[in-house]
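Reading through the structure tokens given below for one structure.
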Amino acid sequence: MKIKELIHNKLSDIFLMVNEISEGLTSNNSPYIKFTFTDGKDSIKGVMWDKSITDIPDISLGSVIKIRTIPKTYKNTLQLTVLQCRTITKGDNVCIEDFIKTSPIKPLDIYNELLTRVSHFENESFKKVVTKLLEDNKDKLLYYPAAKVVHHAIQGGLLYHIYRMYKSGAALADIYKYGIDTELFISGIILHDIGKLNELSSNENGIVEDYSAEGKLLGHIVQGVIMLHDAAMELNIPAEDEMVLKHILISHHGSEENGSPRKPMILEAELLNKLDEMDAIIYQFQDTLSNLEKGEFSENKFFLKNIQIYKHY
Ligand SMILES: [Fe+2]
Ligand SMILES: [Fe+2]
């Protein structure tokens, strides 16, 4: 059974992976467990009343479990009331890989394509520093998501986000041409979120357990600049090249309110900021649309200024 097949008020048994787990207390002081589950394609929230996480010691983030549930529609969205749950056994014949939401393009293929493109750079500084950071971080890049929840929160999601920006960025650079150093621009695209490898702590399924302490205290922009700085020092990159690339990293959120200490002040940075925002928004639309039926509205999307997305096809 899949999430899409669940029906309001119908008792069902379903296998799902735990993507988020936390606990809370009702106003009567009784504990409950909150979940987000995935079947590998769709996600759904769930709640288990009168239980604490310690009551289900075998179940944690990333566990694939069997759930007995009565799905309920709440505020237009189906949620699961979990009645019973247990971890899977061999007899269930369930394959864990089927539950992992993963990049539609193989992370290793993206990684190799980026590395090959960079190997053809004429600018030695960008070639050396991007290659080093890609190679030094290969293991994590192959499974890291781009975020905990908002966009590209899937296995290999960070590389997939970079890839979409790289493809659309290459087209834009070709159209606009004047004032754009394509190699600097591509380097910025590849490195702009590299600090996320230290900001988030993700397991190999691309599920983020939490932000790291460094992530909470420094954030991925500062962490990315530190990684770039260290690599540039080691490689003896000319100061001007290092500076403009750092500028792209620190300005990629566009404004102070969004966490960037400087607004974009070079054309490549301006274009990258727009592209970054565009890709995150498009992903959220696509992810939401894939869970809607024709003629249906989504719930309010907090990260998209609270709009409801409509599926017209
Ligand atoms: Fe970012
Ligand atoms: Fe980004």
Side-chain angles (χ1 to χ4, degrees), residues 101 103-105 107 110-111 113-114 117-118 126 129-130 133-134 137 140-173 184-202 206 208 210-212 214-229 231 244-287 301-304:
K101 268 187 152 182
S103 161
I105 303 174
I110 298 176
Y111 178 87
E113 184 172 339
L114 295 175
R117 176 68 183 92
V118 173
F126 301 145
V129 80
V130 179
L133 285 166
L134 279 173
N137 295 288
K140 276 181 156 188
L141 275 169
L142 294 182
Y143 65 82
Y144 251 66
K148 190 164 186 252
V149 278
V150 185
H151 70 101
H152 305 79
I154 53 177
Q155 185 188 48
L158 179 57
L159 267 185
Y160 182 49
H161 168 53
I162 291 169
Y163 183 75
R164 286 159 48 118
M165 285 176 66
Y166 162 69
K167 283 294 193 190
S168 36
L172 287 177
L184 169 63
F185 184 45
I186 292 173
S187 302
I189 288 173
I190 295 173
L191 299 184
H192 80 281
D193 275 340
I194 195 90
K196 287 191 174 179
L197 299 177
N198 294 325
E199 179 187 43
L200 307 167
S201 54
S202 165
V208 173
D210 201 357
Y211 288 84
S212 64
E214 261 192 319
K216 286 177 186 165
L217 295 172
L218 305 177
H220 72 270
I221 291 184
V222 169
Q223 287 172 299
V225 170
I226 293 171
M227 290 163 82
L228 172 57
H229 183 81
V244 284
L245 198 46
K246 278 180 175 168
H247 175 70
I248 292 183
L249 264 64
I250 63 139
S251 65
H252 85 263
H253 284 194
S255 64
E256 277 179 38
E257 307 90 87
N258 291 332
S260 270
R262 285 286 182 277
K263 293 188 182 73
M265 291 157 71
I266 62 174
L267 182 54
E268 295 85 349
E270 176 65 27
L271 199 54
L272 188 142
N273 164 246
K274 297 286 180 289
L275 208 52
D276 188 31
E277 193 184 36
M278 184 180 82
D279 189 51
I281 290 173
I282 289 177
Y283 185 89
Q284 290 172 78
F285 265 86
Q286 292 175 326
D287 192 40
K301 305 303 287 184
F302 179 75
F303 291 103
L304 295 174

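Numbering of ligands and ligand atoms starts at 1, following listing order. Atoms considered below: every heavy atom in the structure, side chains included; atoms not considered: hydrogens, waters and symmetry mates.
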Revision key, fill the gap. Here the pair of heavy atoms bringing F185 nearest to A173 is CD2-CB, 4.1 Å

Exercise for review: Step by step, work out the salt bridge (charged side-chain N to carboxylate O under 4.0 Å, His left out) result for E199 and K148.
Suggested key: CA-CA 10 Å; E199 179 187 43; K148 190 164 186 252; over 6 Å; no

**Study point:** At the Fe ion (ligand 1): angle between D193 atom OD1 and H252 atom NE2, to 10 degrees
**Key:** 90°

Exercise for review: Check whether any N, O or S atom of D279, backbone or side chain, sits closer than 2.8 Å to the Fe ion (ligand 2).
Suggested key: no

Check your understanding: Within the stated cut-off of 2.8 Å, is an N/O/S atom of D276 closer than that to the Fe ion (ligand 1)?
Key -> no

Exercise for review: To the nearest 10 degrees, calculate the angle at the Fe ion (ligand 1) involving NE2 of H253 and NE2 of H220.
Suggested key: 90°

**Study point:** Candidate pair D279 and D276, rule side chain to side chain contact (heavy atoms under 4.5 Å, CB included), full reasoning
**Key:** CA-CA 5 Å; D279 189 51; D276 188 31; 5.7 Å; no

Study note, to complete from the structure: Note: NE2(H161)-the Fe ion (ligand 2)-NE2(H192) angle, rounded to 10 degrees, equals 100°

Review point. Does some side-chain heavy atom of L249 sit less than 4.5 Å from a side-chain heavy atom of D193?
Key: no

Practice item. Check the pair I282, H151 against side chain to side chain contact (heavy atoms under 4.5 Å, CB included), reporting the backbone distance first and the verdict last. Key: CA-CA 9 Å; I282 289 177; H151 70 101; over 6 Å; no

